[in-house]
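Since the structure is predicted, the reported quantities are computational estimates derived from the model, not experimental observations. Heads up: numbering here begins at 1 and tracks the sequence.
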Amino acid sequence: MNIFSKGLLILASIAAIAVIAVVVVVIKIQGFGPETGSTELEFVEVSLPFTLESDLDNSLPFTGIATLDFDGDKIDELVIGGGKNQADAFFKYTESGFQALEIEGLEKEPNDTTFGIASIDTTGDGLDELFIARESGVYYAINTGDGYHQELLDFGIADNTTPLSIALGDINQDGFVDLYISGYIKLDLIEGETNFSDTYGGYSHLLLNDGQNHWTDISKEAGIWRQHNTFLATFVDLNQDQWPDIVVAQDTGKVEIWENLKNNTFKRHADPTDYAYPMGIGVGDIDNDGDADLYFSNVGTTLPRALLVGNLTDDQPFNMDYILLRNDGDFQFTDISIETNAAEYGFGWGTTIADFNSDSHMDLYFSQNYARFPGVDYLKLYPGRLLEQQEDGTFLSVEEDAGSSNEDFGITQVVSDFNQDGRLDLVIANLNGPARAFITDTTGGNAGLTVRLPSGTEWLNTIGEVTLKDGSSIKRQFVACEGLSSDGFHGLHFGLGKQSDPVDLSLVRPDGIRLSISDLEPNQSFIVTHN
């Protein structure tokens, strides 16, 4: 063996020892991982020909993904944001998987990166427009019918801020979409990743629509202006008064819950969370009591506490666990993460609450892995967790048995009913890796119903209720832009369990408009056409 070969052998041995050391450290910190179990839910992976090219040295580690009705056929297409110098990509679902579409008008500036995407029909023509958060700013892309025309929104974004994600809501019930732009400090201004200071970070902007699709920053007037790195926010009616409130996930910060006071101002409510790294927001009715509960991903069990507390003082409590907040009404919340087995998982990002197995009880999904960890090229830690709710209200990790494991660098995901069978499908965006698409194959005999709502602003935060033949009912709220930098199915999904009889559906929009439909058959996607 020559000297060169010996040198390579030594380097390979050192690398192997380093990987083993990392594995040992991870196991010592977090044990051998959460208990996993079996499920009757089964996914089938289908083709999705897109690989994100992330420049982790020169760009923030995010991308956007959204479902939308580009062509007005009432079936979701898919758009995924491109990395630096990579075009955003469109796809249409077919029986053989997702096929790429050539869409004109979404060109990006050189060296630009897409971080967040949201879709909604802003013009009333049945075609979805796009809002896109990029390194260069926030763009409003108007659907022309055969492509898009982009406009850079000029709302005075803070000089130190990169827009990461976009939330859609109608804060004054005028029928025109308002925006919350979550902002993060620019890459060249970052001072480490464990800085909890209230005077450090980017700014987020609340933008009011003037009725002509022009947006003005009202953050200061609304009482919601402050400096802090923020991953995302979402509009959700938390107290069932038909006005959208705002939930915010701050990096190196806290969960923020803001009540809509119905006069373009907001009031912050205390909640039971501590300082943490809340990164994704899932919204859904975990306990089927009719209101919206909240789930936040966190750094979890990946790293030791000493490496994460940063500049927090001893009197500032810190939490590494995922956070599941049960809504007790009147802006009172209880953290039920530990008792439901929803707390102790590895590093997480985008978070979704959805009834994947259609048993009428909400499940949890979150993307995992951190692409900037040392040695990640050699060590894939986590599979992206699918936590199925059990009969006792606890959660069990079932992604391996369900066939949805994703050990790449998952950052966010969307759900939709791409094949219109009344059940939810899953698409995951990975940094520096292929996007993954999973179509639901079986839910173990459980029936489902998806209800596609018109894409207009007036349908945001609509409450839907399905009444079964035995008199019981299931209530769901449509919330756009949960997850992280993403925007999924614009509608409602009802898991009906073993129900096989037709059901009755009632819808209540925030403006008070009511709609009732009788005798809907299960296992279908019903399209609401009322305007």
Side-chain angles (χ1 to χ4, degrees), residues 60-66 81 115-118 133 164-168 180 182-184 193 204 228-236 246-257 271 273 276-284 286 292-302 319-325 335 337 342-354 356 362-372 381-387 395 397 399 404 406 408-415 426-431 436 479-489:
L60 294 170
F62 297 93
T63 191
I65 181 171
F115 293 131
I117 306 177
L164 275 192
S165 63
I166 301 157
L168 305 174
Y180 189 94
S182 295
Y184 204 91
E193 297 182 347
S204 298
H228 208 100
N229 285 331
T230 300
F231 285 135
L232 81 156
T234 190
F235 290 95
V236 52
I246 301 177
V247 180
V248 180
Q250 291 184 344
D251 184 28
T252 56
K254 288 190 173 183
V255 168
E256 293 183 349
I257 296 174
D271 63 73
T273 63
Y277 294 79
M279 288 176 275
I281 303 176
V283 182
I286 290 294
D293 308 302
L294 305 169
Y295 190 50
F296 303 86
S297 58
N298 204 344
V299 289
T301 55
T302 301
N319 177 32
M320 299 164 59
D321 289 342
Y322 287 43
I323 305 160
L324 179 59
L325 296 184
D335 188 344
S337 313
E344 296 182 350
Y345 296 91
F347 207 105
W349 295 101
T351 308
T352 297
I353 298 179
F356 287 101
M362 291 296 213
D363 310 305
L364 309 174
Y365 181 88
F366 46 89
S367 291
Q368 290 184 292
N369 291 315
Y370 187 28
R372 284 179 167 169
L381 297 178
Y382 309 116
R385 297 293 179 187
L386 173 58
L387 305 184
F395 293 92
S397 182
E399 63 284 336
S404 64
N406 174 54
D408 290 312
F409 303 126
I411 189 69
T412 191
Q413 67 281 329
V414 290
V415 297
L426 173 67
V427 176
I428 305 166
N430 291 308
L431 300 181
R436 310 278 303 277
V479 177
C481 305
E482 70 165 336
L484 175 57
S485 300
S486 59
D487 188 16
F489 178 58

Polar side-chain atom of [X] near backbone of [Y] as donor-acceptor pair, under 3.5 Å:
X      : Y      : value
Asn298 : Gly300 : no
Ser182 : Thr230 : no
Glu399 : Leu387 : no
Asp293 : Ile286 : yes
Asp408 : Gly410 : no

ring-ring contact (aromatic ring centres under 6.0 Å, His included) against Tyr184, all qualifying residues, sequence neighbours excluded: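 ring-ring contact (aromatic ring centres under 6.0 Å, His included) list for Tyr184, sorted by chain: Phe231.
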ring-ring contact (aromatic ring centres under 6.0 Å, His included) partners of Phe356, counting only residues at least two apart: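 So Phe356 forms no ring-ring contact (aromatic ring centres under 6.0 Å, His included) with any residue.
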Student check: side-chain heavy atoms of Phe235 and Val247 closer than 4.5 Å: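 Counting from C-beta outward, Phe235 and Val247 never come under 4.5 Å.
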Heavy-atom check, side chain of Ile117 versus side chain of Ile166, under 4.5 Å: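 In short, these two side chains do not touch, never coming nearer than 4.5 Å.
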Candidate list Ile257, Leu294, Asp335, test side-chain contact (heavy atoms from CB on, under 4.5 Å), partner Asp271, passing option: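 Among Ile257, Leu294, Asp335, the one meeting side-chain contact (heavy atoms from CB on, under 4.5 Å) with Asp271 is Ile257.
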Ring centres under 6.0 angstrom apart (Phe366, Tyr345):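 Yes, the ring of Phe366 comes within the 6.0 Å limit of the ring of Tyr345, centre to centre.
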If only side-chain N and O atoms count, and only distance matters, is there a donor-acceptor pair under 3.5 Å linking [Y] with [X]?
X      : Y      : answer
Gln413 : Thr352 : yes
Ser486 : Thr412 : yes
Thr252 : Gln250 : no
Thr302 : Tyr382 : yes

Those residues that, when tested against Glu256, pass salt bridge (charged side-chain N to carboxylate O under 4.0 Å, His left out) (two or more places apart):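 With sequence neighbours excluded, Glu256 shows a salt bridge (charged side-chain N to carboxylate O under 4.0 Å, His left out) to Arg226, Arg268, given in chain and number order.
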CD1 on Ile323 to OG on Ser337, rounded to 0.5 Å: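 One gets 6.5 Å once the value is rounded to the nearest 0.5 Å.
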Inter-residue atom distance Ile65.CD1 - Ser485.OG, 0.5 Å rounding: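 Separation between the atoms: 11.0 Å.
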Derivation and outcome, side chain to side chain contact (heavy atoms under 4.5 Å, CB included), residues Arg385 and Phe395: CA-CA 11 Å; Arg385 297 293 179 187; Phe395 293 92; over 6 Å; no
